[in-house]
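Nothing fancy with the numbering, it's 1 onward along the sequence. Please read all numbers here as calculations on a predicted model, not as lab measurements.
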Amino acid sequence: QVQLVESGGGLVQAGGSLRLSCAASGRTFSSVAMGWFRQAPGKEREFVATINRSGGGTYYADSVKGRFTISRDNAKNTVYLQMNSLKPEDTAVYYCAAARTSYVITLLAQYDYWGQGTQVTVSS
């Protein structure tokens, strides 16, 4: 069982930055890949970024590549999403999730545990 709690969302102007955190409980955190997803109003939840269990492998959606960075600190049971050069189209509820696998994976269905989400709003 893994419980996830996101924080760090908020309102920011276009071009600004935010850093999301996701604190995990449970002994399995360091053995599984983690991911960030987002869901905008009226849209399906979509993949943003994923990181493998060691932190040595990452993968990003094309829409955020070069602007967002996912990282993790297994000693703190925490995964982060640094978001730079934010755009209005990045506005969404952001969710972190724990995967069934140890390697990076983008499929939503391969994630078993989800946080409650944190709102990110980017104004133009």
Side-chain angles (χ1 to χ4, degrees):
Q1 189 83 9
V2 178
Q3 292 185 323
L4 305 171
V5 179
E6 302 99 334
S7 61
L11 174 64
V12 64
Q13 289 188 332
S17 298
L18 282 174
R19 188 195 196 200
L20 305 183
S21 299
C22 174
S25 64
R27 295 179 294 175
T28 61
F29 176 80
S30 61
S31 64
V32 298
M34 297 293 294
W36 285 97
F37 292 77
R38 66 186 181 186
Q39 188 166 18
K43 295 187 176 181
E44 293 186 352
R45 193 169 300 188
E46 65 176 6
F47 165 76
V48 175
T50 180
I51 188 166
N52 69 359
R53 67 174 183 176
S54 69
T58 58
Y59 189 79
Y60 298 91
D62 287 344
S63 58
V64 306
K65 199 173 296 182
R67 300 188 297 122
F68 290 11
T69 302
I70 187 171
S71 62
R72 67 190 295 162
D73 185 337
N74 286 342
K76 296 182 178 179
N77 276 16
T78 302
V79 62
Y80 305 97
L81 186 68
Q82 178 66 44
M83 306 186 294
N84 298 329
S85 303
L86 282 161
K87 305 175 182 180
E89 51 263 44
D90 294 318
T91 295
V93 177
Y94 283 71
Y95 299 89
C96 73
R100 298 175 186 172
T101 68
S102 62
Y103 49 86
V104 295
I105 191 160
T106 65
L107 296 175
L108 188 148
Q110 292 295 318
Y111 287 80
D112 285 332
Y113 300 101
W114 294 83
Q116 82 289 349
T118 186
Q119 177 71 47
V120 171
T121 303
V122 184
S123 63
S124 57

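Other cluster members for Leu18: Val2, Leu4, Val12, Leu20, Phe29, Val32, Met34, Trp36, Val48, Ile51, Tyr60, Val64, Phe68, Ile70, Val79, Leu81, Met83, Leu86, Tyr94, Tyr113, Val120, Val122, joined by side-chain heavy-atom distances under 4.5 Å among Ile, Leu, Val, Met, Phe, Trp and Tyr.
In terms of modelled atom types and a separation under 3.5 Å, the side chain of Glu6 and the main chain of Gly117 share a donor-acceptor contact. No donor-acceptor distance shorter than 3.5 angstrom exists from the side chain of Asn74 to the backbone of Ser54, with no hydrogens or angles considered.
To the nearest 0.5 Å, the span separating OG1 on Thr91 from CD on Gln119 amounts to 7.5 Å. With values rounded to the nearest 0.5 angstrom, Arg72 atom CZ is found 10.0 Å from Cys22 atom SG. We find the CD-CZ distance between Gln110 and Phe47 to be 13.0 Å, quoted to the nearest 0.5 Å. Taking CD of Glu44 as the start and CZ of Arg38 as the end, the distance is 14.0 Å to the nearest 0.5 Å.
Residues Ser21 and Lys76 form no side-chain contact, since every pair of their non-hydrogen atoms from C-beta on lies 4.5 Å or further apart. Considering only heavy atoms from C-beta on, Tyr80 comes within 4.5 Å of Asp73 through its side chain. Residues Arg53 and Thr101 fail the side-chain proximity criterion, which asks for heavy atoms closer than 4.5 Å.
Using a cut-off of 4.0 Å between Lys/Arg side-chain N and Asp/Glu carboxylate O, Lys87 and Asp90 are scored as not salt-bridged.
Counted within 6.0 Å of NZ on Lys43, heavy atoms from surrounding residues, nucleotides or ligands total 12 or fewer; the atom is thus considered open. Other residues, nucleotides and ligands contribute at most 12 non-hydrogen atoms within 6.0 Å of the CD atom of Gln3.
Shortest non-hydrogen contact noted between Tyr111 and Gly35 is CE2-N, 3.5 Å. What you find for Trp114 and Tyr95 is that their closest heavy atoms are CE3-CB, 3.9 Å. Heavy atoms only, all atoms of each residue included: Ala14 and Ser124 are closest at CB-CA, 4.4 Å. Ala23 and Thr78 make their closest contact through CA-OG1, 4.2 Å (heavy atoms, listed as atom of the first residue, atom of the second, distance).
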For this session: Any chance you could lay out the side-chain contact (heavy atoms from CB on, under 4.5 Å) test for Glu46 and Leu108, step after step, and finish with the verdict?
Result: CA-CA 8 Å; Glu46 65 176 6; Leu108 188 148; over 6 Å; no
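For residues 100-113, the salt bridge (Lys or Arg N to Asp or Glu O under 4.0 Å) pairs, not counting sequence neighbours, are Arg100-Asp112.
Not counting sequence neighbours, Glu89 has no partner by the salt bridge (Lys or Arg N to Asp or Glu O under 4.0 Å) test.
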